[in-house]
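Written below as structure tokens is the structure these notes are about.
These figures come from a predicted structure and were not determined experimentally. Residue numbers start from 1 in every chain, and the chains themselves are labelled A, B, ... in the order their sequence lines are given, proteins ahead of strands.
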Protein chains: 4
Amino acid sequence: MSKIKEKQREKEQKLLDTAFDLFISKGIHETTIQDIVKDAGVAKGTFYLYFRDKYDIMNVLTLRKTVTLFEEAIKSSHKINYKNFTEQFLFIIDYIINALSEDKKLLKFIYKNLSVGIYNTHFQTELKDNFQTNASKLLFEMFKKRADEDELNLPNPQITFFMIIELVGSTCYTSILFNSPVPIEEYKPYLYQTIEKILRP
Amino acid sequence: MSKIKEKQREKEQKLLDTAFDLFISKGIHETTIQDIVKDAGVAKGTFYLYFRDKYDIMNVLTLRKTVTLFEEAIKSSHKINYKNFTEQFLFIIDYIINALSEDKKLLKFIYKNLSVGIYNTHFQTELKDNFQTNASKLLFEMFKKRADEDELNLPNPQITFFMIIELVGSTCYTSILFNSPVPIEEYKPYLYQTIEKILRP
Amino acid sequence: MSKIKEKQREKEQKLLDTAFDLFISKGIHETTIQDIVKDAGVAKGTFYLYFRDKYDIMNVLTLRKTVTLFEEAIKSSHKINYKNFTEQFLFIIDYIINALSEDKKLLKFIYKNLSVGIYNTHFQTELKDNFQTNASKLLFEMFKKRADEDELNLPNPQITFFMIIELVGSTCYTSILFNSPVPIEEYKPYLYQTIEKILRP
Amino acid sequence: MSKIKEKQREKEQKLLDTAFDLFISKGIHETTIQDIVKDAGVAKGTFYLYFRDKYDIMNVLTLRKTVTLFEEAIKSSHKINYKNFTEQFLFIIDYIINALSEDKKLLKFIYKNLSVGIYNTHFQTELKDNFQTNASKLLFEMFKKRADEDELNLPNPQITFFMIIELVGSTCYTSILFNSPVPIEEYKPYLYQTIEKILRP
DNA sequence: GATGAATGAGTGTTCATTCAT
DNA sequence: TATGAATGAACACTCATTCAT
């Protein structure tokens, strides 16, 4: 009984891992379910025992990957004492950037999935919502609370948060993956200085 | 002779316009060449006389659309006298944002195409390059020259430019199309203030 | 021991009942074994312990249902005294028509199954034979015996019987289920009058 | 131009003929589109240039075949003078029975298709309607008019017509194809005598 | 005996591309 | 040049059947 359940978990994980690799290397639209099952070493029908279709498996992957990353970042930030909120926030940003620098596959995947939202009309809301709800929401709650405690007096915390996240996301993607306009380590000081400016009254 | 050439231009333009509309409304992957030729009112084979495939026509469209927009923005900025560079730069940004607010189809299209670069491995370089080369390069040349003249003393003008462009691009997309986190008109003051902070020594 | 046998009977019956309902509501080709076991609440493998395939269970159903109906009709006709054979025969016909009017599901099922015979080459003989042998044969034996006793002097009782049965079957099906060309109660007098004409010397 | 159209007609006809043969020999549900195109010697995609799906081609076939048969029967009946209506009507019936005896494939096909109506819920109405409208309607119009002229005084001509058609249809099918209960030539006198009885006041 | 996870052959359908006209 | 009929590889998805537990 337990052995069966275990084998099932194994199969599901194998499918998730295989899909992850293929989505990154070939793109989602170019990846077929045939590709996934072939690489995962299972029969076609087996895929449908675990996932409804290609977008279902992608959805599951996105959620697991992003939530994990954000949770780790926040958890890790609790270990240290900061002189102010900005320092703590930059620590979290730095944690995420470092994680994505070391796991470029993950970076590609997250970006590609967000693009599916941009692309595919009927996923826009669903995906964006999932992402907002589960991943960045975590971070925003914490951002708002701490900004208040530190009396930063941000006129609109949500907009400030939104700007920083989008700035970090879009610039680091290009910097990490293409070293453009400069490699990430060279870019970091400029970025963090800019974030400080944005948070400074 | 000239009439034939004209008819050809007409056909090419009709195909471009039709593809543009379809790419926006249905997405690129969901648009078939059959759709394009049907709506354009030409035969299937005719498409292949003008374009290699779906991605070829998309490429042509992207370049034409973005270069035009940026050129207009810069040209328009020459009409006025500014007290400093920041004012002129914000004018250009504002021009582009307004243009995209009024032509949401264009906004969607530019974004979707950039996403294709993110997506599809073998387009990444080509598209990004095209875009950088032809469209934003125009703007950056002007940015650098004027920043120098104004003695802004930016430690690294390219990085600063990169950050601003990415910030504007990613946040305005969401704001204009989804009013999220706030509508564009409400968002503008925050954005411009942030850009000023970034440019301020 | 006996309890196990009973449980088995129960399972078989449950499968038969479920299949019957599904065959009627969805049609035989549209009903999958998955549907049957899901509705019956048993595992997929269990089906194959009791039946060879979909057509096997259908075959069993047809026989049980039709034989039962004809037996009831004949048995019921024994309770009354008739002035002649025609009266008794019409009584039996009437009994069957009434039964099928009240159980339209049964009517649909019998007809649909007969059609499978028409349809599916390798069932043609088997089914028709089964049906002839087990169900209408019962009735014909009785028809012939009584027709002799009554000195109807039918030149060919088998052909007469065949014509009447087919006439009743095909017209009542449409009349009961679709009220076409008229509802069954309105149709009955015409039908019985016609049967009398056919039996009349 | 004309050559292309001709080739198209040829292809369509080839598909229709092939489908007809397969529907008869294997049944409709057992015939796949792959079977049809393979036997017809065209590519899979070609099928979809001419027909929407399997049921579309079947529908076209049914209509063409049945309407043709009934029209021929009626047309042929005009060539002769009859002493009364019953004689003319029996002539038409005889014409149809002879045609179907000689073209058993056609008989099978017509019956199988009518069964699809019985089978497949969402074709019931459409097909029955098509059939009624286009084929037997022709015959009924003529039946009614001539029955009036001949002062047959049928209490309900529609019901009488319905009974005769169903009787002929269901009994001849078995007789022609299976010689059951007797071969068609042996059966005919019984059938025609019965029809006369039914039409007799 | 009963289960249900796993299989993979098979289906209908789409669509980029070709090429004879 | 322009056409659009024809192609056939490719796809997502289904489901009867098997078999280890």
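- Taking the six-membered ring where the residue is Trp, B:Phe20 and B:Phe109 present perpendicular rings, their angle passing 60° and hence far from 30°.
- Using a 4.0 Å heavy-atom criterion, one finds that B:Ile33 contacts the sugar-phosphate atoms exclusively.
- Remark: C1' of E:dA5 and CZ of A:Phe47 are 16 Å apart, rounded to the nearest angstrom.
- Nearest-nucleotide positions on DNA chain F place D:Gly41 closer to the 5' end than the other of A:Lys44 and D:Gly41.
- A cation-pi arrangement is not found for B:Lys11 relative to B:Tyr50, the charged atom failing to lie both closer than 6.0 Å to the ring centre and inside a 45° cone about the ring normal.
- Whole-Å rounding puts the C:Leu22 CG to F:dC15 P distance at 13 Å.
- Residues B:Glu12 and B:Lys7 form no side-chain contact, since every pair of their non-hydrogen atoms from C-beta on lies 4.5 Å or further apart.
- Each of D:Lys26, D:Lys44, D:Lys54 was compared with D:Asp35 under the salt bridge (Lys or Arg N to Asp or Glu O under 4.0 Å) criterion, and only D:Lys26 meets it.
- Nearest-nucleotide positions on DNA chain F place A:Gln34 closer to the 5' end than the other of C:Gly45 and A:Gln34.
- Of the possible donor and acceptor atoms, none in the side chain of A:Thr18 sits under 3.5 Å from a partner among the backbone N and O of A:Ile36.
- B:Val37 comes within 4.0 angstrom of nothing in the nucleic acid, heavy atoms only.
- Counting only Watson-Crick or G-U wobble pairs whose defining distances are both under 3.5 Å, the stems of 3 or more consecutive pairs in DNA chain F are E:2-21 with F:2-21.
- Between D:Lys38 atom NZ and F:dT7 atom P the separation is 16 Å, expressed in whole Å.
- Between A:Leu22 and A:Asp39 there is a side-chain heavy-atom pair separated by less than 4.5 Å.
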Next on the checklist: Apply side-chain contact (heavy atoms from CB on, under 4.5 Å) to residues D:Ile57 and D:Phe23 and explain how you reach the verdict.
Outcome noted: CA-CA 11 Å; D:Ile57 199 171; D:Phe23 286 166; 3.8 Å; yes

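- For DNA chain F, the residues of residues 7-17 of chain B within the heavy-atom distance limit of 4.0 Å (strictly under) are B:Gln8, B:Lys11, sorted by number.
- A sub-4.0 Å separation between OP1 or OP2 of F:dA6 and a side-chain N or O of D:Tyr50 is present.
- For B:Glu30 and E:dT14, the CD to P distance is 15 Å, given to the nearest whole Å.
- Put simply, CZ on A:Phe51 is 14 Å from P on F:dC13, counting in whole angstrom units.
- At a threshold of 4.0 angstrom between heavy atoms, the contacts of C:Thr46 include nucleobase atoms, whether or not backbone atoms are also involved.
- Here the side chains of B:Val37 and B:Thr46 are not in contact, with every heavy-atom distance at 4.5 Å or above.
- Here C:Tyr48 lies in heavy-atom contact (under 4.0 Å) with a base.
- As rounded to whole Å, 13 Å separates atom P of F:dA12 from atom CD1 of A:Ile28.
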